[in-house]
Each structure stands twice: as structure tokens, then as C-alpha cells.
Number of protein chains: 2
Amino acid sequence: MARTLLERADAIPLLGEAFRTWGFEGASLARITEKTGLGKGSLYNFFPGGKEEMAEAVLAEIDGWFETHVFTPLATAEPKAGITGMLAATGDYFRSGNRICLVGAFALDETRSRFAIAINSYFSRWINALAGALERRGHARPEATALAEDVVLAIQGALVLARATDDPALFQRTLARLAQRLG
Amino acid sequence: MARTLLERADAIPLLGEAFRTWGFEGASLARITEKTGLGKGSLYNFFPGGKEEMAEAVLAEIDGWFETHVFTPLATAEPKAGITGMLAATGDYFRSGNRICLVGAFALDETRSRFAIAINSYFSRWINALAGALERRGHARPEATALAEDVVLAIQGALVLARATDDPALFQRTLARLAQRLG
DNA sequence: GTCTATAAAGCGATAGAC
DNA sequence: GTCTATCGCTTTATAGAC
């Protein structure tokens, strides 16, 4: 069934890379074409809504990945395993600190207004899923929520600092510290 | 001596607002003109190097502000006062969570390559100044460095999450938690 | 389904009048 | 020092050939 060189689904991770590299505004169709190998014809065939639809598809795929590998395990697995799995999945997804969080990046400037619901939902569900697991581990409600917030923001902050100081190891150190704190 | 409606120095905070709102790529000269009230003639008179020089001026001003209000107090004041002052200054500067960190935002995409030295220096000096104060408070070297990293990344992460979830109070809660942790 | 050509608008930057 | 007009280029998006 592979009628095209690249299926729509195959293009989405490459689109994500383009947006991560250049930001939403900076990711021009020329750069997207270069990164994906898809001409404008193919791109508009797959994503009639243009750049905005491409970014929506990327955010939806990210959301799905975290739903599968992070949020659902946190909600359904044994809490300790869910939390350990979250840290491992997070380390993998962000390439041990070599990859930024696109959702966080989109949140910082006016790009946020285009995707506000997806952005808010991603972080809210992450924090809530983690807080739930912490409650099931015996933390009282307010402390569980506070700790969950603290963990998710530490991951985001570590990604910012790792990139800013060109030191991916800072992200890995942070994950290790979080593992201790949650252990 | 106020020969122009707006001096170069007065324009810089407005330029910072424009870059914070739209990002470096998204901040077009049209939007910058709108935000500052300065026409292209005045902008290129003040900043012959164009947008890049405008952003450099903004980063330099941010750097100077933190040098004065955060890094120097951390290095020279009594450690406890320096740390308390840092948290208060940080809360003020980031408007209690209503303002993002432009340096962190620039770090995330390819904008970083234009300003890599300024970005790296800002965060490195912040972490080092804080680690120094913590050492003088009695923390052993490695723990002081780890804690300083943890605090600065928590501030960055809180700014990302506060904006992503449209909840500035999250930033304020984080500062309060850091105050306890450092108290 | 993918290509090239093209449209219309916007971009950063410059020139020259005032 | 600030304005308007304009340059040359890039942008997103579309149209039409294949």
C-alpha cells in the first residue's frame, strides 16, 4: 500500500523535527520540504490546512505517545512501576536531553494561542496522572499534587537548561535526582 | 536632551516585550514598529544591525538586570540575604509568572545559535553564583552545585508550565516551595 | 499524488527626501 | 533623526500540467 515515497504518518515525526529545530514561525515550507523530502504538492495533499494542520498533527502524535507510554501507565500500572516507567520513557523521548519539548516551546510565544487546548491538556494530564499515582503510593492529596507539579516542571526546566548550556547531561542528572526523590 | 520621542534605551524594554510575545522569528519589523511606536527609520538608526542587534541589546539589558539584582547580591551579600533577594527579584522580574524568560525561549530553537554565548553565560553565571552562596551557607561543593541547578531549572520549568497551563500561580507556588527548600 | 509555475502578500533592509 | 517609497527576496498558498 506504500504508494508514495513517504506516507502521511511517516512525515509527522520529520515535521516534528522541523518545528523543534526552527520553531513554528521559523519553520518555513522551504525548510519543511528540505527536512521531509516532501514537495509542497505532497504537503498540501496530506495537510490541506497548511502549516497549522501540520503542527496539529505533530502535537496529536506527541500526545498519543505520552498517553500510551506515560499517562496510561501512571494511571493503571502499579504506582511505583508507573513512576519508574515515566522517568525512563521521558529520558528516551527527550533523547537524554538532546531533544526539546515541542509542547513547552510552543507555549512560550504567541504560537500558544493557536494550540492552547492541546498544550494545556498535555501538561494538565501529565501532572494529574502523576499526582494520582503518588496518591496511590500514600501521599496526601495536596502534597501529591505539589510534588507532581514539581516533577513535571523540573523535567521542563531541565530541558531548557540542558539546551541553553549545551549540556544534555544536566537533563540526565535531573532525571536521576527525580528518581531518588520519588523512590 | 530628549530629542526623540523615545530614546534608544527606552525602546529596549519594548523590544523585549515584542520578542517575548512573538519570538525572534515571529517578531517582524511591522510588529516591532507597532509595539515600540518607532518607525523603521528610527529603528535602523538606533540598531544598524537590524533585528539581530535589537535582540542583542535586549539580551544585554536582561543580563545587566540580573547581574545587578541577582548575581552580584548572591556573590557579595550575606548568603541567606542573597538567596532571599534572588527569589524576590525573580518573582518581580517574571511578573509573578505572567512573563516568560526570553533567554530560555531563545535557547529552544535555532535562535539559540545566534546568541549562544549570551544564553549560556546567563544561565551558567546564575547557577554558579547561587552555588557559591550555598557553599558559603555550608553546603559541600557537589551538593551546592546540584541544588543550584535544581533551583534555576525549577524557575525555568515553572515559567514554562505557568504559561502552558495559563496559571501564573503555579510559578508563585514554585517560588514559595524553593524558599522553603533553601530556607 | 506529485511536480513546476505562479500569485499575492509580507519580509528585512536601504535610499533619499525632509 | 524620522519619514515614505522602494528594492529584492521569501513567505504561504494555489493552479494546472502530468
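Just so it is clear: chains get the letters A, B, ... in the order the sequence lines come, proteins before strands, and each one is counted from 1.
- Atom CD in Glu34(B) sits about 13 Å away from atom P in dG12(C), given to the nearest Å.
- Counting only heavy atoms from C-beta on, Lys40(B) has its side chain closest to dT14(C) among dT2(C), dT14(C), dA13(D).
- Phe46(B) and Arg8(B) get closest at one heavy-atom pair: O-NH1, 3.0 Å.
- Taking every heavy atom of both residues into account, Ala75(A) and Arg136(A) meet most closely at O-NH2, 3.4 Å.
- Rounded to whole angstrom, the span from the CH2 atom of Trp22(B) across to the C1' atom of dG12(C) amounts to 18 Å.
- Regarding Glu53(A), its CD atom lies at a distance of 14 Å from the C1' atom of dA13(D), rounded to whole Å.
- Note on Lys51(B): only backbone sugar-phosphate atoms sit closer than 4.0 angstrom, heavy atoms only; bases stay farther off.
- Ser28(B) has no side-chain polar atom (N or O) that falls below the 4.0 Å cut-off from OP1 or OP2 of dG10(C).
- Residue Gly26(A) is the one, among Pro48(A) and Gly26(A), whose nearest nucleotide of DNA chain D lies closer to the 5' end (criterion: closest heavy atom).
- At whole-Å resolution of the value, CD in Glu25(A) and C1' in dG10(C) are 12 Å apart.
- Of all heavy-atom pairs between Gly97(A) and Phe171(A), the closest is N-CD2, 3.2 Å.
- Contact between Ile12(A) and Val58(A) at its shortest, heavy atoms only, is O-CG2, 3.7 Å.
- Contact between the side-chain N/O atoms of Ser42(B) and the OP1/OP2 oxygens of dG1(D) is not found at any separation under 4.0 Å.
- Between the CZ atom of Phe24(B) and the P atom of dC11(C) there is a distance of 14 Å, rounded to whole Å.
- Atom C1' of nucleotide dG12(C) and atom CZ of Arg114(B) are separated by 11 Å, given to the nearest angstrom.
- In this entry the distance linking CZ of Arg31(A) with P of dC9(D) reads 17 Å, nearest Å.
- Mapping Leu38(B) and Tyr44(A) onto DNA chain D by nearest heavy atom places Leu38(B) closer to the 5' end of the strand.
- Rounding to the nearest 0.5 angstrom, the gap separating the CG atom in Leu182(A) from the CG atom in Asp150(A) is 9.5 Å.
- Rounded to a whole Å, the CZ atom of Phe46(A) is 14 Å from the C1' atom of dC3(C).
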